[in-house]
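Throughout, a chain's letter reflects where its sequence line sits, starting with A, and its residues are numbered from 1.
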Amino acid sequence: MVQSSVKPSDILNQANPDRLHRIRHTCSHVMAMAVQKLFPDAKVTIGPATDNGFFYDFDRQEAFTPQDLKKIEKEMKKIIKANLPVIREEIDREAIRTEITKLNEPYKLELLDAIPEDAVITRYFLGEPGKDKNVWWDLCSGPHLERTGEIDPDSFELESIAGAYWRGNENNAMLQRIYGIAWENAEQLEAYKHQIEEAKRRDHRRIGKDLQLFSIQEEAGGGLVFWHPRGALMRKTIEDFWKEIHLQGGYELVTTPHIANLELWKTSGHNDFYRDSMFDTMEVEEQTYQLKPMNCPFHILIYKDGLHSYRELPIRYAELGTVYRYERSGTMHGLMRVRGFTQDDAHIFCTEDQISQEILGVLNLAEQLLSTFGFANYEVNLSTRPDKYVGEDAIWEKATSALQNALDRKGWHYKVDEGGGAFYGPKIDIKIEDAIGRKWQCSTIQVDFNLPDRFDLEYVAEDGLRKRPIMIHRALFGSLERFFGILVENYAGDFPLWLAPLQVRLIGVSDEQMPYLTEVEQKMKAAGLRVQLDRSGERMAKQIRKAELEKIPVMAIAGNKEVESHSLSIRTRQQGELGVIPVSELIDKLLHGIQTKGWL
RNA sequence: GCCGAUGUAGCACAGCGGUAGUGCAGCCGAUUCGUAAUCGGCAGGUCAGGGGUUCAAAUCCCCUCAUCGGCUCCA
């Protein structure tokens, strides 16, 4: 891929946020005006600016079509060309109520009633009443541009039509939302569209299919992942690394079942709080069983299977535990949102005094794990006690400051989300940033005061009395499936050597070199490399093309010259041709690249 | 689950009332070639599944399933 000198993200970062916001907000009004002109039966609702453009929700009997969007766009350009003034007016509540009633706009009336008593009520006109021929207004708090002509007619586009509930509540009417994108100028619009194209190019669903990594089978049901040989090999590599660093980090690996007696979920409380996300139960010999949506109760049972001394704490149980959650049919998305997935779960049982140290350990492990996959920038959030919660105030206080203390010791900047914690304890979330600047929440660390109580967990303290341990839930990848999807998109399928399912493709200039290359293949396999000789007999250029399309990191090519000198001509995806290298030297280089988790 | 769209060979797509077509991939043969596509041949589809309208359905209608874009949800 040829990189242009100016990155799209640079162009977009130059944009003025305040001006963008006004442009987008005014765009949404211009669109609503255009829509009501073309479709007088459409009722207006709300239309804010978004991160890359704007939308407006309409209530209309008939569905908008993609052709309608073209017409609306045309009408919008007319409004922009007319350069109508945007006029702000403060208005009395009752006066505007009368006007809205006259226009028969029920949603606007509802919005009006939701405005606080003491607030100043404003509306924005497009066009000057009594002067311009076309005038339209909307109840709105602004801010906006001064005139519609300030919008660059080549810097916006209408994107799509989608359903959206009135006020985001699924019990309300379904409205039709028209999305648009808008920027300051055509250059920014182009840059933005490039970024979207780039994201599409990296789509893990596309790459997963092309590279034969995984599939989701209609016959089996949605949201259930099939790992194909190449994907499964990558998964094994990831799992092996995960297990290795967890064992080094003082964790013990456990393995637990996929179903269990429903009683367990009643005890844990999941059956009450989480029922909507659980699969239906099944009857087994007059007992009710449940497919597991969580691993925690299982780890708790292992903990409870014996008496623990304070000397043993902290106890850390880790498991790549596959859980099943019922997701509504419209919500599944590739590997990112599925019904069966594998949490890289662990539960730490410790004393109150050990929380800070344990959290720090988790932060360190998270950094070690994530940075190995090239994720070096994190956005960290600390979520504190919500309105509804369990546990004593004192323990909340203690745990929250333990989390803060750990973050400070780690030296990480973080944002505090007041009241954003779970009802059972405070938590830390870590978001990673991928190669094209998108953020993904993966790691989560949660302190739990609830489950130890419900399961009556204990340890024997120094004074011989039974005490209750604290539990810390933590996942670093979050979901292995989802993390894999993120990896595919981050690398755009160009995986580093240690992850690549096939590391080397051997290619002969003609069939003459087959005996030699067969020998080389054996040697490389013996060295532990994932290598494959192309025996198709196709022309060399075709074999190279095939290997490129499969995104195999290293192509090792031999003609008669290489056979003579016991070497290979090397072509890599990352750095192009590297020239001729002796076989043994190449193997060493490859092994080194794999070991350091880098490239050749 | 809701709104809208889509579902044709392994993949990308054409056909949109008269009982399926192109390219790539696959297989067979010829070619033995120096860094992203050699040539020729063959094979491959209950047009997502089910029901209906029609003399006739991939094409029109209904239901189901899945996918896509959103909404909602993600203690």
Side-chain angles (χ1 to χ4, degrees), chain A residues 50 55 57-60 62-66 68 159-179 200 203 205-206 209-210 212 215-224 268-278 293-294 325-334 336-338 341 386 388-390 420-425 427 441 444 446 448 450 473 478-479 482 505 507-514 536-550 555-562 568-573 576-580:
Chain A
T50 64
F55 66 76
D57 288 348
F58 301 95
D59 187 13
R60 177 171 174 247
E62 243 176 289
F64 289 112
T65 65
D68 291 338
E159 278 300 289
S160 57
I161 308 150
Y165 299 107
W166 167 237
R167 307 194 122 187
N169 184 330
E170 63 180 315
N171 298 316
N172 289 342
M174 175 66 76
L175 307 172
Q176 294 188 65
R177 174 171 297 179
I178 301 179
Y179 278 97
K200 255 192 208 154
D203 193 315
R205 294 167 299 188
R206 171 86 261 133
K209 172 83 191 160
D210 287 347
Q212 298 171 46
S215 66
I216 291 167
Q217 305 273 345
E218 186 171 342
E219 283 169 276
L224 301 168
S268 72
H270 289 118
N271 198 51
D272 292 332
F273 301 121
Y274 208 66
R275 188 70 249 173
D276 288 349
S277 298
M278 287 158 71
M294 301 271 178
R325 298 182 182 177
Y326 168 70
E327 298 283 357
R328 299 210 268 179
S329 53
T331 60
M332 262 93 73
H333 180 91
M336 303 301 185
R337 188 81 182 265
V338 290
F341 62 98
K388 282 174 78 179
Y389 62 97
V390 299
F423 72 88
Y424 50 75
K427 63 171 182 178
Q441 196 205 302
T444 172
Q446 310 188 347
D448 189 341
N450 182 45
H473 309 251
S479 145
R482 180 166 173 274
R505 169 68 51 80
I507 296 169
V509 171
S510 72
D511 280 352
E512 264 184 84
Q513 294 83 32
M514 284 301 114
S536 67
E538 293 282 356
R539 291 174 67 207
M540 183 195 64
K542 178 72 168 285
Q543 294 189 20
I544 289 173
R545 177 178 159 78
K546 261 196 319 193
E548 290 283 359
L549 292 176
E550 289 177 59
M555 278 154 271
I557 301 158
N560 288 333
K561 280 186 290 184
E562 286 78 16
L568 293 155
S569 171
I570 303 307
R571 172 181 167 126
T572 65
R573 273 191 64 77
E577 291 183 43
L578 297 185
V580 176

Between A/Lys546 and A/Glu538, is there a side-chain N and carboxylate O pair less than 4.0 Å apart?
no
Indicate, with a heavy-atom threshold strictly under 4.0 Å, whether A/Gln441 touches base, sugar-phosphate, or nothing.
nothing
How is A/Asn560 classified with respect to the nucleic acid when contacts are heavy atoms under 4.0 Å: base, sugar-phosphate, or nothing?
base
What residues, two or more places apart in sequence or in another chain, satisfy ring-ring contact (aromatic ring centres under 6.0 Å, His included) together with A/Tyr179?
A/Phe55
Sequence-aligned protein contact record of nucleotides 27-33 of chain B, with B where the base is within under 4.0 Å of a protein heavy atom and S where only the sugar-phosphate is:
-----BB
Scan A/Leu175 against the nucleic acid and name what it touches under 4.0 Å (heavy atoms): base, sugar-phosphate only, or nothing.
nothing
If B/rG29 has a Watson-Crick or G-U wobble mate with both distances under 3.5 Å, name it; if not, just say none.
B/rC39
For the pair A/Glu170 and A/Arg328, find out whether any cationic side-chain nitrogen is under 4.0 Å from an anionic carboxylate oxygen.
yes
Calculate the interatomic distance between A/Gln217 atom CD and B/rU67 atom C1'; express it in whole Å.
13 Å
Under 3.5 Å between N/O atoms: give me all the protein pairs with nucleotides 22-24 of chain B, atom names plus distance.
none

Is A/Lys209 touching bases, backbone alone, or none of the nucleic acid, heavy atoms closer than 4.0 Å?
sugar-phosphate
Per-nucleotide protein contact string for nucleotides 68-75 of chain B, where B marks a base within reach and S marks sugar-phosphate only (heavy atoms under 4.0 Å, - for neither):
SBBBBB-B
What are the atom names and distances for every N/O pair under 3.5 Å that joins the protein to nucleotides 12-14 of chain B?
unit_1: B/rA12; atom_1: OP1; unit_2: A/Arg206; atom_2: NH1; d: 3.4

Whole angstroms only, please: what is the CD1-C1' distance between A/Ile178 and B/rC3?
13 Å
Under the side chain to side chain donor-acceptor pair (under 3.5 Å) test, which residues partner A/Arg337, sequence neighbours left out?
A/Glu327
Any strand, both distances under 3.5 Å, Watson-Crick or G-U wobble: B/rG21 pairs with B/rC13
Partner of B/rA57 under the Watson-Crick or G-U wobble criteria, both distances under 3.5 Å, comes out as none
